[in-house]
Amino acid sequence: MADLSQQDWEAQLEKDSNAVILDVRTEEEVEEGIIPNSINIDIYKGQEFVEALEKLDKTKNYYVYCRSGARSGQACTIMNSLGFDNAFNLQGGFMNWEGETA
């Protein structure tokens, strides 16, 4: 897992043709907006979250975010333990995001 600043996260994501953006916030938080093209899997769903992760392609590179960067950090750790090699945490999360939103 790597903690990336927004600048590094965005720059790396832009060049990555194998990228998936993963939003681990709750549905209520998602209603406030998302980073375009992200998929949402709520980390608070516990076992359901793990089961959803296990259905994802482990060969992809995952750019993970939450509201502040704490839950997405936990998500990256969980993903690493499940065999995902590339999970990148957005430091500061969505509340500090200055890029495009949908």
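- No donor-acceptor pair closer than 3.5 Å links the side chain of Glu10 to the backbone N or O of Gly99.
- Here the side chains of Leu56 and Ile41 are in contact, with some heavy-atom distance below 4.5 Å.
- Rounding to the nearest 0.5 Å places CG of Asn86 at 12.0 Å from NZ of Lys60.
- Arg71 and Arg25 make their closest contact through NH1-CA, 3.9 Å (heavy atoms, listed as atom of the first residue, atom of the second, distance).
- Between Glu29 and Phe94 there is no side-chain heavy-atom pair separated by less than 4.5 Å.
- One hydrophobic cluster holds both Phe49 and Phe84 under the rule that ILVMFWY side chains link at heavy-atom gaps under 4.5 Å.
- Using modelled atom types, one side-chain atom of Tyr65 and one backbone atom of Ile35 make a donor-acceptor pair closer than 3.5 Å.
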Is there a side chain to side chain contact (heavy atoms under 4.5 Å, CB included) between Met79 and Leu22 once you walk through the steps?
CA-CA 11 Å; Met79 292 174 80; Leu22 179 61; 3.9 Å; yes

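- For Asp23 against Ser38, the heavy-atom pair with the smallest separation is CB-OG, 4.2 Å.
- Cluster membership check: Val30 does not share its hydrophobic cluster with Val20, using side-chain heavy-atom separations under 4.5 Å among Ile, Leu, Val, Met, Phe, Trp and Tyr.
- Applying the side-chain hydrogen bond (donor to acceptor under 3.5 Å, both in side chains) rule to Arg67 yields no partners; only residues at least two apart in sequence or on another chain are considered.
- When all heavy atoms are compared, the tightest approach of Val64 to Val24 is CG1-CG1, 3.8 Å.
- Counting heavy-atom neighbours within 6.0 Å of Asn37 CG, excluding the residue itself, gives a total of 12 or less.
- Remark: Asp8 engages Ser5 in a side-chain hydrogen bond (donor to acceptor under 3.5 Å, both in side chains) (not counting sequence neighbours).
- The side-chain heavy atoms of Leu90 and Gln6, taken from C-beta on, include a pair separated by under 4.5 Å.
- Environment of CD in Glu100: sparse, with no more than 12 heavy atoms of neighbouring residues, nucleotides or ligands closer than 6.0 Å.
- Formation of a donor-acceptor pair under 3.5 Å by the Asn18 side chain with backbone atoms of Thr59 is found in this model.
- Taking both residues in full, the closest heavy atoms of Cys66 and Ser72 are given as SG-N, 3.3 Å, listed atom of the first, atom of the second, then distance.
- Separation of atoms CD (Glu48) and CG (Leu53) is listed at 11.5 Å; rounding is to 0.5 Å.
- You'll find the side chain of Leu13 reaches within 4.5 Å of the side chain of Ile21, heavy atoms only.
- Tyr62 and Leu4 end up in different hydrophobic clusters when Ile, Leu, Val, Met, Phe, Trp and Tyr side chains are linked at under 4.5 Å.
- For Met95 against Ser68, the heavy-atom pair with the smallest separation is CE-CB, 3.8 Å.
- Side-chain heavy atoms closer than 4.5 Å link hydrophobic residues (I, L, V, M, F, W, Y) into clusters, and following such links, even through other members, never connects Phe88 to Leu82.
- In this structure a side-chain-to-backbone donor-acceptor pair under 3.5 Å is present from Asn80 to Met1.
- With Asn89 contributing its side chain and Gln91 its backbone, the two residues share no donor-acceptor pair below 3.5 Å.
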